[in-house]
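Here is the structure we will look at, set down as structure tokens.
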Amino acid sequence: KNEVEQSPQNLTAQEGEFITINCSYSVGISALHWLQQHPGGGIVSLFMLSSGKKKHGRLIATINIQEKHSSLHITASHPRDSAVYICAVYSGGGADGLTFGKGTHLIIQP
Amino acid sequence: DTGVSQDPRHKITKRGQNVTFRCDPISEHNRLYWYRQTLGQGPEFLTYFQNEAQLEKSRLLSDRFSAERPKGSFSTLEIQRTEQGDSAMYLCASSLNGPRGQYFGPGTRLTVT
């Protein structure tokens, strides 16, 4: 079982809709990343969270450490938001790499 | 461009051949990470370096894989005797002083025929 679960796996929405992508994890973490991956592989870090909420433009990320859950929201979605959104956690200890979810494939239709 | 760069971006090779990929991290970053991503999956951790020292290797990194970071700057990932199952995107990331705040390169897509 993957330690990081994302939902939904695929999401198609109309331009302008409010988008929510969820991430649940099973281990204690010290930080959670939301990443955006464009076709061709390039990954861009959107947010790094350890508590609370962060906002950047139309993107909002929240995390609830007690519930081991994070959400990424996109307001006023646009076709250029179409990408794969990946949740990744850093749990510390001896494992220094990130553990990734499988990603949510988002398509925003005009 | 001062981001993480990887070379080549694409590599097609025949089964059994050796391949080597290069990653150039952000210049002041002392940590460098290698990940592998297969189709439809999230990336998986392979190994990481702090400066020139390789500090951790995943069980995914079989003895056909070797990574180096000889001077604590760029890193190379070599795969010997490639197999079709090695076909994947190989991602490199770098960070300063810890695993948080990793910056990713564009990846090298390997296809083994």
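First the proteins, then the strands, lettered A, B, ... as listed; each starts at 1. No experiment lies behind these values; they were computed from the predicted model shown.
Of all heavy-atom pairs between A:Lys102 and B:Gln41, the closest is CE-OE1, 3.2 Å.
Hydrophobic clustering (ILVMFWY, side-chain heavy atoms < 4.5 Å, transitive): A:Trp34 and A:Leu59 are in one cluster. Under the 4.5 Å side-chain contact rule for hydrophobic residues, A:Tyr25 and A:Leu72 share a cluster. A:Ile63 and A:Val4 fall within a single hydrophobic cluster, where Ile, Leu, Val, Met, Phe, Trp and Tyr are joined by side-chain heavy atoms under 4.5 Å apart, directly or via other members. Clustering ILVMFWY residues whenever any of their side-chain heavy atoms sit less than 4.5 angstrom apart, transitively, puts B:Ile79 in a cluster other than the one holding B:Tyr33.
Counting heavy atoms from C-beta on, the side chains of B:Pro43 and A:Leu98 never come closer than 4.5 Å. The shortest side-chain heavy-atom distance between B:Phe104 and A:Leu35 falls under the 4.5 Å cut-off. Taking 4.5 Å as the limit, some side-chain heavy atom of B:Gln37 sits within range of a side-chain heavy atom of A:Gln37.
Around CD of B:Glu68, the count of heavy atoms belonging to other residues, nucleotides or ligands within 6.0 Å does not exceed 12.
Residues A:Phe100 and B:Tyr35 place their aromatic rings such that the two centres sit under 6.0 Å apart.
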